Student: 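Here it is, the structure, as structure tokens.
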Amino acid sequence: MGSERTFGLAPAALLFAVLGASSACVHDDPRRFALRAPVLRDQDLDYVALHCKQGTKPKDCAPEEYESSFAWDAADNSLFRPPSYALRLKTSGEALNVNAFDEVPDSSWFVNRIGAKPTTPEEVFDGYCTEGPMLDQNAPDGGWLIDHGKDNGANPGFRVNVKGTKYMLKIDEAQGERATAATSIASRFYYAAGWWAPCDAIVYFKRSQLKLKPGLTIKANTGPPKKFDEKLLDSILEKAARRGELYRAAASRWLPGKPLGPFRYESTRSDDPSDVIDHEHRRDLRGARVMAAWLNHFDSREQNSMDTWHAEEPEGTKARGYVRHWYIDLGDCFGSEWSVDGFSRRHGHSYILDFRWILEGFVTLGIPRRPWDRATHDEVGDIFGYFTARDFDPDEWKGEYPNPAFQNLKERDGAWAARIIARFTPAHVDAAVKAGNFTNPAHHKFLVDVLLARQKILLARYFSKVSPLTDLTVRDDELCAVDLARATGTYPEGSFHYAASVTRAGRPRNEDERPTVTTGPQGRTCVALASRTLDSGLADDDRSRYVVVRIANGSAPGPLVVHLYDLGPTRGLRLVGIERPDH
Amino acid sequence: MVNPKKLLVFVFTLALSASAAGNVRAEDDKRPPQDYGAPPEDTTAGDVVAWPFRIVLFPVWLVMEYVLRQPIGALVRAAESGRWIQTAEDIFTFGHKGAPLGQFSIFPSALFDFGLKPSVGFNARWNYIGADENSIRLHAGTWGPDWVSVRGSDTYELSKDENVFLEGSVVRRRDNVFFGIGPFSRQDDRARYASTVGAVAIGHSRSFWHSSAVQTRAGLRTLLFSEGGCCDDPTLGDEVEAGRIVAPGYGRGYRAVFQRVDLELDSRLPRPAPGSGVRAEAHEESVFTTDPIPGEERRSWVKYGGSLGAAVDVTGEQRVLSVAVAAELADPLSGSIPFPDLASLGGDSLMPAFLRGRLVDRSSAVASLQYRWPVWVYLDGVAHAAVGNVFGEHFSNFDVKSTRLSTGVGFRSNGDRASGFELLFAVGSEPFDDRFQIDSFRLVIGTHHGF
């Protein structure tokens, strides 16, 4: 795979052949992009009016809560949906919420954070936690009122209410401090990368700080309702990791807005007017597969997501608001183990019920060794189960069962997610892992090391097909970009051989300019690109002003194709579009 | 009986009620899609080519989507939100709210064994019944009144390694096969007979050293023959009457007391430990009928045998190659042995390419080579090749050239055999010195009930 990839010297002639081939797609009218600013904000962030049913008070008017079926979600995605899609010969194209710069605008699903603006490690560590109060670990005895049990999820827990703010406390049941750390750390990664993820923070507390509200019961999707009393609380805490008399938990601050239940990975919500793109065709959901692969978030099914309704006037007269979409319950990341070892070994490599592997295993008589055959516990990182960078193959990564959005991932969706993941420096990764507050420093180091190793493999894969050049600027007769593959050291320095061509509308291709490409530190890559004097009477978007620049970096077969309008020497060149073909 | 029409109406009502809930009108005033500014995608050749195939496949998709997927989905969602499973568990655990999760489990079962009647039914298990150490298992399967099988067992754990049990079974079927006695019985001579076999026994089981175990049981057994057969094959009664086939004891059932001992020494550790090791097994069963036949001695017999095997886990990861030899003998103590109680090959155990009861005589001998490999967490692939046959008293006419070949491949679950799954395709041959043609094939798919 990518990490073992080798690069030969790419002759300039070959590069230009590639550039030429890609340009063959250009239509008679070269203007693939209109002269306008890129869409940076999705309309789904705008408040939208709901049409309430007669008799419903505006403050009660919100999209209906969706109750996700554990059993059906698994059965449908494993057994019924795939053949149904196959019989329709359902194909999917490129993601739909992608702007002219091949990026995803800020939306109720995703907000461009790391990479879109300078992000410090401290900001990564803080995650979403700066948006509200943190749980006071020095609260007095009885200061944390338990007002609800934890109905579902992989780990036991309960909800506490402190001065009106609610926190779900999740306890480690096995594997040391892994589960609580995982939910805290992974929520930092998801949030910093751009997805909405809650403030999950490690807390240490005394038993005496807890006070149980009388008459509580737990009502899970499966199993009988249980009375939540002191005995049950003791049995939950008995499993908790401890430091002296202090119990350890991950405190997940209650999400703002009205909870509407999980979002689905396909189709749309019928009662959200802003939800107009089938979820399986959203780049942010498709690309989340790459993020899940990095962290081995194999439990990335709809039950571990949440929609919330944010009313413009929560107690007012307007039934207006918008739906925000969250990733929650990330405690399975970094090597969660199940009671059946065979499944734990397969997490990230195979679906729970994977007909492909069953058939392959049968036909090959089990002769090829599979990653789950080789899986071993690490002596230092024992709490992390089988989480490792060995055998990590981003293309082959799989969750618990098929996910419609993940299955629709296209090369450019994966590359988009990889460009975001590339922004996490070792310092950022270290800061996120600090949120796990491990008692044993060796666990902290192990996780940082594995995450960085998996990141390298992942980048090597996704930077190997479409161009990793990004962060484009046009200034002082130069078009500059950042080559993330070079900036991150994904490939050896000698792998990069840059070439560029400039096609100006109305000029035959054999008159393409071949500007020199200069490189600098941090992946900086610049192409000399001067504006030309054109007839001042031309409209700004006249086709003769159209300029297409192709930059190849020698590592990815596909060039970066940059679309500009030449507005003349005074106003310069205006960047209007970016494409990343794969050849 | 469930009325399918009512069920359909119920399912669609569920689906409609789900979509009608809420305080917001659905699908009104959706925003128009936003223009994100990316260039439009070209239509690909694949999109165009796919259309005729979509039209052809449309009816199949319609069935898949609206006869299977949507109704099943509505049903499963209703079952989950209505806690139907919990309700069933409450009923079967007698409403004991403190019952541990998983106290009661029930799974549908089905078995198709080509050449025999299929069956459908269920396997159920109650744990902690009356006491934490007590559990009950039940299997029921049927294919109409002529094919009924009910088995049950109540096991009480004395310790982690030791238990006592009470078990009972009734199997009534008309599709039993009999091909005659001896190593050269012909596939073409298949005859059918009807019988009811009942048994009740108490027993004791103890496991020790790695995967070794000793099990004893004693009880009562009855065999009752009935008129008739099935499946357009000649009946055994007609064949016996015409003198075309010899079936000792046919038509003369019995009531008997029996005792059985099974001793198994197995050096292998349970999974996930590597599957290398050696295994020796011996068993003995004595049967004494209690109802004398006029003019004949009261029948009694003993069956005994054993096997010796070795297994090598080629990779240490459950790719296990094993060889084994096995033999069984049936000797009368007084009177004759009814043919269903003679030494036999075929069915689930040795020489699986042959139907259960296909090969019958006073002794049997088999040498087998098996390769087993994991294909899923709960499923192994299994390939086998075995040579063996049945022979006369104490292997009297044993000859290697008289053996038959059984070979096949399939899947087998590697977990609890009580509800184990098997898919097997196997072929069996005539004896080597008798044409050696493939004359038997066996296709089995379904769940077993091996407790």
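This one's a predicted model, so the numbers in the text were calculated from it and none came from an experiment. Sequence lines set the chain letters: A, B, ... in the order given, protein chains first and strands last, and positions in each chain run from 1.
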Student: When only pairs under 4.5 Å are counted, which of A/N99, A/L96, A/D373, A/V276 shares the most heavy-atom pairs with chain B?
Tutor: A/D373

Student: For chain A, which of B/G73, B/P272, B/P33 has the most heavy-atom pairs under 4.5 Å?
Tutor: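 Of the options given, most contacts go to B/G73.
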
Student: Please classify the contact of A/L353 with chain B as side chain, backbone, both or neither, using a heavy-atom distance under 4.5 Å.
Tutor: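 Backbone plus side chain of A/L353, per the 4.5 Å heavy-atom cut-off to chain B.
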
Student: Can you check side-chain contact (heavy atoms from CB on, under 4.5 Å) on B/V409 and A/F362, steps first, answer last?
Tutor: CA-CA 10 Å; B/V409 65; A/F362 182 70; 3.6 Å; yes

Student: Which atom pair, heavy atoms only, marks the closest approach of B/R31 to A/S274?
Tutor: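 Here B/R31 and A/S274 meet closest at NH1-OG, 2.5 Å.
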
Student: Report yes if the side chains of B/V377 and A/W338 come closer than 4.5 Å at any heavy-atom pair, otherwise no.
Tutor: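 Side chain of B/V377 against side chain of A/W338, heavy atoms only: no contact under 4.5 Å found.
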
Student: Under 30°, 30 to 60°, or over 60°: which ring-plane class applies to A/F343 and B/W376, parallel, tilted or perpendicular?
Tutor: perpendicular

Student: If you count heavy-atom pairs within less than 4.5 Å of chain B, which of A/L89, A/I367, A/V39 leads?
Tutor: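 The residue among A/L89, A/I367, A/V39 with the greatest pair count is A/L89.
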
Student: Using only non-hydrogen atoms and a strict under-4.5 angstrom cutoff, which residues of residues 311-318 of chain B touch chain A?
Tutor: B/E317

Student: Please name all residues satisfying side chain to side chain donor-acceptor pair (under 3.5 Å) with A/E400, sequence neighbours left out, ordered by chain then number.
Tutor: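 A/E400 satisfies side chain to side chain donor-acceptor pair (under 3.5 Å) with no other residue.
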
Student: In Å, rounded to the nearest 0.5 Å, how long is the span from CE of B/M64 to OG of A/S84?
Tutor: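 One gets 6.0 Å once the value is rounded to the nearest 0.5 Å.
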
Student: Examine whether an atom of A/D102 lies under 4.5 Å from a heavy atom of chain B, and if so say whether it belongs to the side chain, the backbone or both; otherwise answer neither.
Tutor: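 Neither part.
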
Student: At a heavy-atom distance under 4.5 Å, which candidate from A/D341, A/T364, A/D73, A/I352 has the highest pair count against chain B?
Tutor: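 Between A/D341, A/T364, A/D73, A/I352, the count favours A/I352.
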
Student: If you round to the nearest 0.5 Å, how far is CH2 of A/W72 from CZ of B/R69?
Tutor: 6.5 Å

Student: Rounded at 0.5 Å granularity, tell me how far CD in B/E41 sits from CD in A/E94.
Tutor: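 So the gap between those two atoms works out to 5.0 Å.
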
Student: Nearest 0.5 Å, what's the OH-CD distance between B/Y36 and A/E103?
Tutor: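 B/Y36 atom OH to A/E103 atom CD measures 14.5 Å (nearest 0.5 Å).
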
Student: Counting N and O atoms only, with roles assigned by atom type, does the side chain of B/K30 sit under 3.5 Å from a partner on the main chain of A/D272, one being a donor and the other an acceptor?
Tutor: yes

Student: Which atoms of A/A71 come close to chain B, meaning under 4.5 Å heavy atom to heavy atom: side chain ones, backbone ones, both, or neither?
Tutor: both

